[in-house]
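Step one of this worksheet: look at the structure below.
Note on naming: letters A, B, ... go to the chains in the order of the sequence lines (proteins, then strands), and numbering restarts at 1 for each one.
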2 protein chains.
Amino acid sequence: MDIKTKLISAAESLFDRHGFTATGMDRLTQAAGMSSRTLYKHAGSKHSLIAKVLSERDKRFLRRLDVSSVDALFKALEDWVRVEGCRGCLFLRAYGETGGDVPEIAEVMAAHKAGVWNKIQEIVALETSGRGDEQLAEQILILFEGATATAIYRGADAVTTARHCAVRLVKQASS
Amino acid sequence: MDIKTKLISAAESLFDRHGFTATGMDRLTQAAGMSSRTLYKHAGSKHSLIAKVLSERDKRFLRRLDVSSVDALFKALEDWVRVEGCRGCLFLRAYGETGGDVPEIAEVMAAHKAGVWNKIQEIVALETSGRGDEQLAEQILILFEGATATAIYRGADAVTTARHCAVRLVKQASS
DNA sequence: GACAATGTAAAATGATCGTTTTACATTGAA
DNA sequence: TTCAATGTAAAACGATCATTTTACATTGTC
């Protein structure tokens, strides 16, 4: 595995498991199996490393959301939380831990959320033949965020419940 | 104002604004206007202070949710985010920042979520004359969490959208 | 075979972390 | 008036923070 990939994937799991601020650079270097000199050559800084981790996660996440129905969208989220665990949205967590004060991080968060929002709008338009309005899409988005958050303490079943709800809303808008 | 109250309210706004781990004890003592000796006499430790802050917030939040309809429930949440700001659920943020590894914090989070869940179940049962099942209540809970999370980057309007959706779901179950 | 790049290991940087301690002032009740 | 409680101010604690530096080994390439 490429050294940069190894660093980013090690950092991602540590950040996800223990939080961003609580994870120190020495733990990062140890987990990634490299010297701090090499880490800084590739990452630049801790904030930059966080941004890179989020950027990679964004790609991986959106790749999973490459579907064309609301039902499939929530099934994809269900798969995600079963594989990657349900510790909440890592983008919002990073944003919250840094108080929204780190531009690099705030920007990746905003870009990620814009990506998800676009995907949902696209799917809703597709499934309702354009009859679905922006309000419906925002309701789906809220269910999506809600499922992610609720799964933290109620488990992956919350995503299934959200899926049933979302599918029903879209059906009602299409009929 | 009581010294303990002053400490907890100063701590709450700093934690909310800058994050838990990122907020140091010196900044806390400065904002609360007291020496670190006094702070530790009242709080015991930082983790304990976080737990106390969350515990007080839990009471204040649930007091606001003393309503008897889903519409009023989401209107209460709307008021909350307009007054207190929308930086996401502070309980889930604390839980995430500590990796769920601090029992004091994990317990307050769980207790808070149980309280919200009970309240929602109560309201749903009331509004549907017992016709609403557990699934409906969980859908309302997911919309509630989703509104809180989405409001971080889309503003308080997300709560209004969630309210419309929740009211519709309850109406459909009651008819 | 020299050179630039890329890596490791480990020490040093100065700042900040959470927490405790030392020394002293104020207060209210016995 | 003395005692215990409660507060402040400030220094000290050892640990850890993110980051840089020093010294050295291993490469692939011209």
- Query: Is the count of non-hydrogen atoms from other residues, nucleotides or ligands lying under 6.0 Å from B:Gln30 atom CD greater than 12?
  - Reply: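 Counting other residues, nucleotides and ligands, CD of B:Gln30 stays at 12 neighbours or fewer.
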[atom1]-[atom2] distance between [X] and [Y], expressed to the nearest 0.5 angstrom:
X: B:Leu65; Y: B:Ile120; atom1: CG; atom2: CD1; answer: 8.0 Å
X: A:Thr150; Y: B:Lys113; atom1: OG1; atom2: NZ; answer: 7.5 Å
X: A:Glu97; Y: A:Phe15; atom1: CD; atom2: CZ; answer: 9.5 Å
X: A:Met109; Y: A:Leu92; atom1: CE; atom2: CG; answer: 6.0 Å

- Could you write nucleotides 13-18 of chain D as a row of B, S and -, 5' to 3', where a protein heavy atom under 4.0 Å of any base atom gives B, of only sugar-phosphate atoms gives S, and otherwise -? ----SS
[N] [atom2] sits how many Å from [X] [atom1], rounded?
X: B:Arg27; N: C:dC17; atom1: CZ; atom2: P; result: 8 Å
X: A:His42; N: C:dT6; atom1: NE2; atom2: P; result: 8 Å
X: B:Leu39; N: C:dT21; atom1: CG; atom2: P; result: 16 Å
X: B:Leu7; N: D:dT6; atom1: CG; atom2: C1'; result: 15 Å

- Excluding sequence neighbours, so at least two apart, what forms salt bridge (charged side-chain N to carboxylate O under 4.0 Å, His left out) with B:Glu127?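 Salt bridge (charged side-chain N to carboxylate O under 4.0 Å, His left out) list for B:Glu127, sorted by chain: empty.
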- What residues, two or more places apart in sequence or in another chain, satisfy salt bridge (charged side-chain N to carboxylate O under 4.0 Å, His left out) together with A:Arg82?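 For A:Arg82 the salt bridge (charged side-chain N to carboxylate O under 4.0 Å, His left out) partners, ignoring immediate neighbours, are A:Glu78.
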- Message: I want to know whether A:His112 and A:Phe61 have ring centres closer than 6.0 Å.
- Response: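 Judged by ring-centre distance (under 6.0 Å), A:His112 and A:Phe61 do meet the cut-off.
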- Message: Please tell me if A:Thr38 has a side-chain N or O lying less than 4.0 Å from either OP1 or OP2 of C:dG7.
- Response: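 No, A:Thr38 has no side-chain N/O under 4.0 Å of OP1/OP2 on C:dG7.
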- Query: Under a cut-off of 3.5 Å for both distances of each Watson-Crick or G-U pair, what dot-bracket string does DNA chain C give, using [ ] for crossing pairs and | for inter-strand pairs?
  - Reply: ||||||||||||.||||.||||||||||||
Where do N or O atoms of nucleotides 21-26 of chain D meet protein N or O atoms at under 3.5 Å, pair by pair?
residue: D:dT22; atom: O4; partner: A:Arg37; partner atom: NE; Å: 2.9

- Message: Test: side-chain hydrogen bond (donor to acceptor under 3.5 Å, both in side chains). Region: residues 4-17 of chain B. Which pairs qualify, not counting sequence neighbours?
- Response: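 For residues 4-17 of chain B: A:Asp101-B:Arg17, B:Asp2-B:Thr5, B:Glu12-B:Arg57, B:Glu12-B:Arg60, B:Asp16-B:Arg93.
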- Query: Taking NZ, NE, NH1 and NH2 as the nitrogens, is one of them in A:Asp79 or A:Lys75 under 4.0 Å from a carboxylate oxygen of the other?
  - Reply: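 Between A:Lys75 and A:Asp79 there is no salt bridge, as every charged N stays at least 4.0 Å from the carboxylate O atoms.
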- Item | Side-chain heavy atoms of B:Thr128 within contact of B:Asp133, under 4.5 Å |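 A side-chain contact under 4.5 Å is absent here.
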- How is A:Gly33 classified with respect to the nucleic acid when contacts are heavy atoms under 4.0 Å: base, sugar-phosphate, or nothing?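 Since only primed, P, OP1 and OP2 atoms lie under 4.0 Å of A:Gly33, the category is sugar-phosphate.
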